[in-house]
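Notes follow once the structure below has been shown.
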Amino acid sequence: MNSRREDNNNSSRIKFSRKALLLRRIYKILIACWRFVYPLMLVIGCLYLILPSVVVILASVSETSYVTFPPQGISLKWYGNFFTREGFVKSFGLSAGLALGVALLAVILSVVISILVGRRARGMQSWAVTLAYLPLLLPTIVYGPALLLWMSRFNILDKFWSTMLTLGSAHLILALPFALQSIIVGYDRLDPAYEEAAIVMGARPPTVFRFITLPLLMSTIVAGATFSFLISFDEPVVALFFTRVDFITLPVRIFQYLRYKPDPTIAAIATIITIISMILVVVADRLVGLGKLMGLHR
Amino acid sequence: MRIINRSLNRLGQFSKSRFTQVVWIILFAFFLIFFIIPLVYFLLLSFFTFIQSGQYEVAFTIENYRRLVSESFYLRVLWSTLQLGVISCIVCFIVGYPLAYFLGRSPSKWRNLMLGIVVASLFTNLVVRTFGWIVTLSDNGLLNNILMEIGLIKRPLQLIYNMTGVVIGEAQVELPVFVMLVAGVIQMIDPDLEYAARVMGADNLQTFFAVVWPLSLRGIIGGLSLVFALSISSYITPNFLAGGRIIYASLFINTLVTKTLNYPLAGALSAILLLSSLGVVGALSWVSKKYL
């Protein structure tokens, strides 16, 4: 009886340890594989992210009139088309002007909101901030028609400037969360001791704002402006609904062009836009640091 | 001392003055006119009766909603939209989580390069990216050329104008958002917790599943709900990469508004889209707050 139980115990222990050994071996192999798989996944992820931009840049210098891969011969002739094809320069100017206005207003509004809300938002004021963040979740494909149908009730969309104002307001609402985010974060990080010191020395609130708060916030303000500019400059969907013969923003122009004849001209323009965006992103990075802006520290 | 106190009080009162109230009212009016009223108006339209192109009657009806959830064509539209949202989430998670972990945790010198790539792709024009995918994925595009050059495939793969193409394009659009969100959450995890797990004898994998994974779950859920909300309502990518062969809710709203001029039906479809994206984000954030 006794010996049998012992036997049982022994055999089960052997079985168990064999299984454990096997599991352990598989586990080791998996870990060893992971050492190669993980960097591979990272590389694939990064390639996946930059692939479309790289392809566009390569396609823009191709010799042939249709977009092929790999490009046959290198030429910069498609970049010339940007200046000669009707409308592209005009659209570029329109988009840039619109985006500049939006960036300026978004920054002013964000500074005003973050100063008024102050460092501790509560009650009505935090409610207002929530309202300003709401457009983050708003699908542009719903917002575009909604604004178009509402505004067309007043018959004001037949003029260039009223269209510009309406689209500008829409872009402002879409860009505000981003500007507000960077400026509120900047204002939160600002040590109140600087402002208090100025007050102690007898400065009135407007003076404090002009000489203490504003200079200290400047880098976040420029970053917020950069983001607002890019949001408006790149926004195609709402702009599509407000397109008129004399009012075609650059993304909409590319959108329309892409529908009939996707030749390397589009790639050249796309490259120009991408380079502008990248320059702005690098500027924002130098001023504030991308990680910080995106909520990462270090 | 009294002067200092009074001045500090004045700074506090600065935010309660008449000027401040005026600023708040202007801001609120701006949001009301350009944001809230248009949306409410559009949603109200969805309850009106459609007569013919561009005309509707102010008579309350739920006919528009009934059509959307009963006729098979509209159901197919909703189904493919849902599919797009779910598959984009899966792709974003699989591709994005390692990137986010690396961004949030690695001390490597490559980290800055990767941060640059992620942010650069976040701020690349949407139409430009879509164009890039058209060039990459089409029958004689980059990917098929490379694969045929290597000899992996004989005939070009159909990578565009179907679900595959749309998902590839859409997931790339949402990926940077997901990565940034989750990387922020992972970075907030206290490294001491991981050291504690190590001290207790856990290896890399055990540390990951005992510490990082459960603590980053909330960020993952938040990121995925955002990816879902953004991808079911995206317009540009499906417009080009589906090539008109699959109809998504966003494409259909555009057709209804600009071609058939059936505003009530467009309003109803928009309401469904808006509610499902807000609903998913709200419900998932509630769940993750309650149970995580």
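Chain letters run A, B, ... following the sequence lines, proteins first and then strands; every chain starts at 1. The analysis underlying the following values was restricted to heavy atoms, covering all of them including side chains, and did not include hydrogens, waters or symmetry mates. Because the structure is predicted, anything quoted here is derived from the model rather than measured.
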Under a 4.5 Å heavy-atom cut-off, does chain B meet the side chain of [X], its backbone, both or neither?
| X | value |
| --- | --- |
| S53(A) | side chain |
| L250(A) | neither |
| I31(A) | side chain |
| F255(A) | both |
| I269(A) | neither |
| L147(A) | both |
| I273(A) | side chain |
| L172(A) | side chain |
| L109(A) | side chain |
| M151(A) | side chain |

Could you report the tightest heavy-atom contact between W150(A) and I33(B), atom names first, then the distance?
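The answer is NE1-O, 3.4 Å.
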Is the centre of the Y143(A) ring less than 6.0 Å from the centre of the F42(B) ring?
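They do not qualify: ring centres at least 6.0 Å apart.
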